[in-house]
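Just below is one structure, and these are the notes that go with it.
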Amino acid sequence: MTRSNVVPTGLNSLEYAQLLPKVLDAALAYLDALPEKPVVVPNNDPELHQVMGGPLSVGGSAPEAVLERLVRGGDLGTVPSSSSRYFGYVVGGALPVALAADWLATAWDQCGALYDLSPLISILEEICRGWLVNLFQLPRQTQIAFTPACTYANLTCLSAARHAVLARHGWDVESRGLDGAPQVTVLMSETIHASVPRSLRVLGLGNVRTLSTDASGRIDISQYEDELNRVPDGPLIVCGQVGEVNTGIVDPLRRLSALAHERGGWVHLDGAFGLWAAATDRRYGLLDGLELADSWATDAHKWLNVPYDCGMAFVADGDVQHDALKISPDYLHQENTEQRHAVGIGLHFSTRSRVIPVWAVLAQLGSDGVKEMIDRHCALARMLAALLAEEPYVEVLNEVSLNQVAVRFHRPDRDSDTHTMQVSAAFQQAGVAWASTSRWRGDAILRLSVINWATTEEDITQAATSLLDCHRHLIAS
Ligand SMILES: Cc1ncc(COP(=O)(O)O)c(C=O)c1O
């Protein structure tokens with residue numbers, strides 16, 4: 001048999017020993033440069049295509065050459081989104097211990113689907129379930145599924161919701177599908193994140209009624225009561241949010257759940273970043289009634305600052321989650337019910353061991369550390385809002401109770417949408433800090449999310465100064 005020049009065989013540590021130190025050097029060089037790196041979105045597409053593309057080579061390349069190309073591609077095309085002055089979208093950084101643990105997870109290359117594929121993952125998932133349920137003060141038996149992102153967590157939770165509300169009306173959706181099923185009504189906030197309606201679409205739940213919100217963006221309870229009175233008796237799901245993506249506002253959770261439960265409904269909460277506020281005593285009051293919901297979705301890659309990707313789906317009644325998603329082909333051994341088998345709780349078979357960096361961060365920070373990080377980000381967001389609001393013609397639109405700051409820029413001689421977009425573009429190009437634009441109540445805004453472990457007061461001052469310079473400069477021009 002001829003031996004290939006390109007496909008390595010025979011496990012020996014030589015190739016790892018040649019490659020991994022190069023990656024360590026490249027990663028350290030990247031991370032060392034990050035504090036001084038302009039915080040901009042690079043625009044090097046032709047060069048990126050040139051360095052990384054071309055036809056797929058027939059003979060392959062040496063792995064060292066592959067890594068060199070990749071490092072070059074990284075220089076050209078990565079956004080410095082783990083910079084302490086990156087406030088775009090709702091991204092979060094990666095704590096050093098999380099990054100290191102993630103590397104180990106990749107070296108171990110475990111599949112977390114079944115206990116006998118990885119006792120470590122199975123047991124870590126169970127341990128983190130307990131830690132997180134305590135941290136968020138959720139019902140003790142709450143089950144968890146680790147997912148690629150909050151979108152999948154919403155989908156996972158809503159699969160359980162669909163199962164439960166139809167079962168309450170005598171319909172087994174897993175065996176019978178939706179044809180001929182009692183119609184499920186879904187009520188959701190008009191400001192809910194787009195991943196919730198998308199999950200509903202995937203699940204075939206089309207009878208969705210949108211609830212209007214008050215000036216702050218919270219579900220208007222009296223309108224909600226009216227809508228509930230109009231809904232025919234039948235399966236009901238209500239979707240609320242813990243942290244709206246632009247403003248961080250939280251729906252009135254206690255009333256939301258109480259009224260839905262009176263109607264036999266299921267309450268699902270999207271808390272992609274906001275659920276982490278439940279970890280801190282100072283913010284728990286904002287989330288009054290959180291524990292009354294039936295399911296909650298969040299991301300660890302946002303406020304826990306683990307690397308991408310890691311979402312989490314929590315369902316209060318673990319049996320319902322299992323009934324909705326269980327799967328039992330003969331080759332997947334789940335006979336021992338004392339052991340955790342993630343394949344029967346989430347939507348995936350194979351999965352990356354996302355729990356490893358989650359466990360590492362929780363183990364390092366402890367509950368006090370998580371609280372401190374969340375509280376610090378909320379305080380920095382308030383500081384940022386205060387610095388901006390002092391300036392004439394700058395309007396902070398939201399109550400900054402969490403980590404999001406929604407800001408709009410005015411000027412006497414031009415419409416505010418245009419000015420806000422021009423200030424935002426100038427700020428993004430200046431490279432001191434970066435934030436993304438959005439719309440709130442139809443108006444253009446710049447939205448800053450303080451969510452990186454590394455961010456300091458100095459970073460906030462620099463970001464505010466750069467932003468206000470752009471605003472003043474445009475007004476003067
Ligand atoms: C409030 C909210 N819900 C859901 C999501 C979707 O999360 P993911 O991007 O992890 O799927 C986001 C993302 O920013 C979000 O902010």
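Order of appearance sets the numbers: ligands from 1, and atoms from 1 within every ligand.
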_Residue list, ring pair (Phe, Tyr, Trp, His ring centres under 6.0 Å) with H268, at least two apart or on another chain_ = none
*Would a 4.5 Å heavy-atom cut-off, applied to side chains only, mark Q241 and S189 as touching?*
yes
May I ask you to decide whether [X] forms a salt bridge with [Y], counting only side-chain N to carboxylate O separations under 4.0 Å?
X	Y	result
R209	E190	no
E174	K326	no
R218	D251	no
R354	E125	no

Proximal ligand 1 atoms for [X], defined as those under 4.0 Å from one of its heavy atoms:
X	answer
G243	1 (C)
V245	16 (O)
D299	7 (O), 8 (P), 10 (O)
A149	8 (P), 10 (O), 11 (O)

*Identity and distance of the protein heavy atom lying nearest atom 3 (N) of ligand 1*: D270 OD2, 2.7 Å
*Please write down residue, atom name and distance for the protein heavy atom closest to atom 14 (O) of ligand 1.*
K302 CE, 3.2 Å
*Would you indicate which of H193, Q241, H301 comes nearest to atom 6 (C) of ligand 1 when only heavy atoms are counted?*
H193
*Run down the list A272, G248, A194 and name the one with the heavy atom closest to atom 2 (C) of ligand 1.*
A272
*Should the pair H341 and Y115 be assigned to parallel (<30°), tilted (30 to 60°) or perpendicular (>60°) ring geometry?*
perpendicular
Could an N or O of ligand 1 be found under 3.5 Å from any N or O of [X], whether backbone or side chain?
X	value
F273	no
T151	yes
N154	no

_Does the residue S195 have a heavy-atom contact with ligand 1, meaning some pair of atoms that are separated by less than 4.0 Å?_
yes
Contacts table for residues 87-107: side-chain donor-acceptor under 3.5 angstrom, sequence neighbours left out:
from : atom 1 : to   : atom 2 : distance (Å)
D102 : OD1    : R352 : NH2    : 2.9
D102 : OD2    : R352 : NH2    : 3.1
T106 : OG1    : D102 : O      : 3.0
T106 : OG1    : R352 : NH2    : 3.2

